[in-house]
Amino acid sequence: MARIAGINIPNNKKVVVGLTYIYGIGPFISKNVLEKAGVDPDKRVANLTDSEVLRLREVIDSDCVIEGSLRREVSQNIKRLNDLGCYRGLRHRKGLPVRGQRTHTNARTRKGKAVAIAGKKKATK
């Protein structure tokens, strides 16, 4: 099992997919990293040589913001918005959608489980 950036990459996956298990690396960045490192994207993680894993580590360390530093950067950005008291910061603070989505219906991911309103009767004919 290859270990890159503190993450165990699954052996049975292709390298291009396996790299996406690292927080901050998606399919596009994964392809770019493999191209720079000179590794075949169709190769399985189990078939990587030590030198290829080392090249991948070096390219990722030099070019990508990943894992802890990326999480820290994102949380600092959200904290900055909260401290400014801007609209986006207020939405983050209240746990509501930040990018203009409707909240009358939907938005359950941000708002959490729906809470029943006490005393509300169903409409009858």
4.5 Å side-chain heavy-atom contact, V53 and T49: no
Min side-chain heavy-atom separation L19-V33 under 4.5 Å: yes
Contacts of D83 that satisfy salt bridge (Lys or Arg N to Asp or Glu O under 4.0 Å) - sequence neighbours left out: K79
Shortest non-hydrogen contact between R91 and R110, atoms and distance: O-NH2, 3.8 Å
Hphob cluster co-occupancy, V65 + I78, side-chain heavy atoms under 4.5 angstrom: yes
Value rounded to 0.5 Å, distance of CG in L56 from CD in E52: 7.5 Å
Rounded distance (nearest 0.5 Å) linking atom OG of S30 with atom NZ of K14: 12.5 Å
Shortest non-hydrogen contact between R3 and R57, atoms and distance: O-NH2, 2.8 Å
Over all atoms of both residues, closest heavy-atom pair of P41 and L34: CA-CD1, 3.8 Å
Straight-line distance of I9 CD1 to R44 CZ, nearest 0.5 Å: 14.5 Å
Q101 vs N106 side-chain heavy atoms within contact, under 4.5 Å: no
Gap separating the CD1 atom of I60 from the CD1 atom of I25, nearest 0.5 angstrom: 4.0 Å
R93 side, atom CZ; N82 side, atom CG - distance, nearest 0.5 Å: 5.0 Å
Heavy-atom pair with the smallest gap, counting every atom of L70 and Y23: CD2-CE2, 3.5 Å
Which residues share a salt bridge (Lys or Arg N to Asp or Glu O under 4.0 Å) with K94, sequence neighbours left out: none
V45 versus A2, closest heavy-atom pair with distance: CG1-CB, 3.8 Å
Closest non-hydrogen atom pair between I29 and C64, with its separation: CG2-SG, 3.8 Å
Euclidean distance, I22 CD1 relative to N8 CG, rounded to 0.5 Å: 10.5 Å
Backbone of T103 reached by a side-chain donor or acceptor of K111 within 3.5 Å: yes
Side-chain heavy atoms of T20 within contact of P27, under 4.5 Å: yes
Which residues share a salt bridge (Lys or Arg N to Asp or Glu O under 4.0 Å) with R71, sequence neighbours left out: E67
Atom NZ of K43: over 12 foreign heavy atoms under 6.0 Å: yes
Hphob cluster co-occupancy, V59 + V39, side-chain heavy atoms under 4.5 angstrom: yes
